[in-house]
Amino acid sequence: QVHLVESGGGLVQPGGSLRLSCAASGSFFSIDVMGWYRQAPGKERELVASITAQHVTNYAASVKDRFTISRDNVKNTVYLQTNSAKPEDTAVYYCNLKARPYSISPYLDNYWGQGTQVTVSS
């Protein structure tokens, strides 16, 4: 099992910045992809950004050039730096990771954090 602990959410003014963190702990062999999703009221959960173990990144078009995802493979932690925040970024942000339970496992286990609220408002 893998346990995810998110932190860093809160209230930010338009144009401001926040840094989200998600630390993973538990039993696994390796972590493959780490990512952040978000869900606004009345909307479906959507991918914000993801990063592979080799640090290859992928961003939603709506956040590209404003948000930066990074990870620390030693600390098993993923970060999301949110700059130039907009009201439409308001949502619950969820950490996600896909972990290989043992070295020769042919599949990846999927885990979610509990979510952290980000509100962009003046």
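Here the structure is a predicted model, which is why all the values come from computation and not from measurement.
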Considering only heavy atoms from C-beta outward, does the side chain of Trp36 approach that of Cys22 to under 4.5 Å? yes
Apply side chain to side chain contact (heavy atoms under 4.5 Å, CB included) to residues His3 and Tyr111 and explain how you reach the verdict. CA-CA 8 Å; His3 184 54; Tyr111 296 95; over 6 Å; no
Going by the side chain to side chain contact (heavy atoms under 4.5 Å, CB included) test, name the single residue among Val48, Ile51, Leu20 that passes it with Ile69. Ile51
Please give me the minimum heavy-atom distance between Ala60 and Leu47, naming the atom from each residue. CB-O, 3.4 Å
Enter the distance from Thr68:OG1 to Arg19:CZ here, rounded to the nearest 0.5 Å. 10.5 Å
Check side chain to side chain donor-acceptor pair (under 3.5 Å) between Gln81 and all other residues, then give those that pass, not counting sequence neighbours. Asn83
For Leu4 and Met34, what are the C-alpha separation, side-chain angles and deciding distance, and is it a side chain to side chain contact (heavy atoms under 4.5 Å, CB included)? CA-CA 11 Å; Leu4 302 180; Met34 305 183 84; 5.9 Å; no
Are side-chain heavy atoms of Gln54 and Asn73 found at a separation under 4.5 Å? no
Shortest non-hydrogen contact from Ala91 toward Ala40: CB-N, 3.8 Å
What I'd like to find out is whether the side chain of Pro106 reaches to under 4.5 Å of the side chain of Arg100, using heavy atoms alone. no
Do Leu18 and Val118 have side-chain heavy atoms sitting under 4.5 Å apart? yes
Flag the pair Gln39 / Tyr94 as yes when at least one side-chain heavy-atom distance between them is below 4.5 Å, and no otherwise. yes
Smallest separation among heavy atoms of Val33 and Ser50, with atom names: CG1-CB, 4.0 Å
Write out all pairs satisfying ring-ring contact (aromatic ring centres under 6.0 Å, His included) with one or both partners inside residues 38-91, taking only residues at least two apart or from two chains. none
Give me the atom names and distance for the closest heavy-atom approach of Ser122 to Pro14. N-CD, 3.7 Å
Do you reckon Val74 sits in the same ILVMFWY cluster as Ile31, going by side-chain contacts under 4.5 Å, direct or chained? no
Where do Val2 and Leu97 land on the side chain to side chain contact (heavy atoms under 4.5 Å, CB included) test, with the steps shown first? CA-CA 9 Å; Val2 174; Leu97 68 83; 4.3 Å; yes
For a quick check under 3.5 Å, do Tyr37 and Arg45 share a side-chain donor-acceptor pair by atom type? no
Determine the minimum heavy-atom distance between Ala49 and Leu80, stating which atoms define it. CB-CD1, 4.3 Å
Within this structure, what is the CZ-OG1 distance for the pair Arg38 and Thr116, rounded to the nearest 0.5 Å? 14.0 Å
Report yes or no: do Asn96 and Lys98 form a side-chain donor-acceptor pair below 3.5 Å? yes
Pair Arg66 + Asp89: basic N to acidic O under 4.0 Å: yes
Using a 6.0 Å cut-off, check whether atom CD of Glu44 has over 12 heavy atoms from anything other than its own residue. no
Counting C-beta onward and ignoring hydrogens, is there a side-chain heavy-atom pair between Gln117 and Leu11 closer than 4.5 Å? no
Could you pull out the closest heavy-atom pair between Thr90 and Val120, with the gap in Å? OG1-N, 2.9 Å
Is Ser105 reaching over with its side chain to a backbone N or O of Tyr102, donor-acceptor style, under 3.5 angstrom? no
